[in-house]
Amino acid sequence: MKKIIFSIVFLTLGWATSKAQTFNLGVKAGVNLAKLNADFASEENRLGYQIGAWARIGGASFYVQPEAYIGSKGNKFISIQQDNGNEVSAEGKVKFTTLDVPVLFGTKFGAKNLNFRVMAGPVISFILDENSTFSSAYQQATDFSNYKNQALGAQFGAGVDVGSISVDLRYEAGLSNISKSEKYSQKPNLFQLSLGFKIL
């Protein structure tokens, strides 16, 4: 499934490049509010960051925007549903450092130095580092804290460009289970706000 999605993405990216009337390159930084949606635990959002680069290839209205950025994502588990159905207070924390590579498809409208954008597309996240701590109550879920080294998601959002400055607000929905567990599902979801600067 991943191979099919990214084959379509890169074919479209190649087509957009061949038809491109404009090419922009920029840097970005921002914050995100993330959590892992778990099917047997209650969780809280955690604040993280992102910093990286983007390119924008397109014509008068349609564009393709590949990006690459380093970010942090995390989660705090505050309770656990035990096998007998009881919910007990139990703390668990996990923090990931990731390399995120979204490829967004969007449209823009407005003037040259002030335009608005909407965008959506797939994102793959590669886990570079993971740090987690879980209380003893999670020991019943022996494979709950074993994580994969990548996850697939989808981003949706809107942005505004004022001259060389860009501001984006996006939501990222996890499409794949980041846990290695066959019993417990965890999918990363987050909101992100970023500030970009066009350098080319």
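Worth saying up front: this structure is predicted, and the values here are computed from it rather than measured. The chain is numbered in sequence order, starting from 1.
A donor atom on one side chain and an acceptor atom on the other are found under 3.5 Å apart for S132 and E130. In summary, the side chains of D168 and S194 do not present any donor paired with an acceptor at a separation below 3.5 Å, with no hydrogens or angles considered. A donor-acceptor pair shorter than 3.5 Å cannot be found between the side chains of K187 and S179.
Taking the six-membered ring where the residue is Trp, the centroids of Y63 and F105 are separated by 6.0 Å or more. For Y171 and F156, the ring centers are positioned 6.0 Å apart or more.
Counting heavy atoms from C-beta on, the side chains of Q192 and K73 never come closer than 4.5 Å.
The side-chain tip of K28 points at the ring of Y69 from less than 6.0 angstrom away and within 45° of straight on.
When all heavy atoms of Q186 and A38 are compared, the closest pair comes out as CG-CB, 4.2 Å.
Between the T107 side chain and the F62 main chain, no donor and acceptor come within less than 3.5 Å of each other. Checked by atom type and distance alone, the side chain of N75 pairs as donor or acceptor with a backbone atom of L36 at under 3.5 Å. Under a 3.5 Å cut-off, the side chain of S176 and the backbone N or O of L152 do form a donor-acceptor pair.
To the nearest 0.5 Å, the span separating CG on L128 from CD1 on I70 amounts to 5.0 Å.
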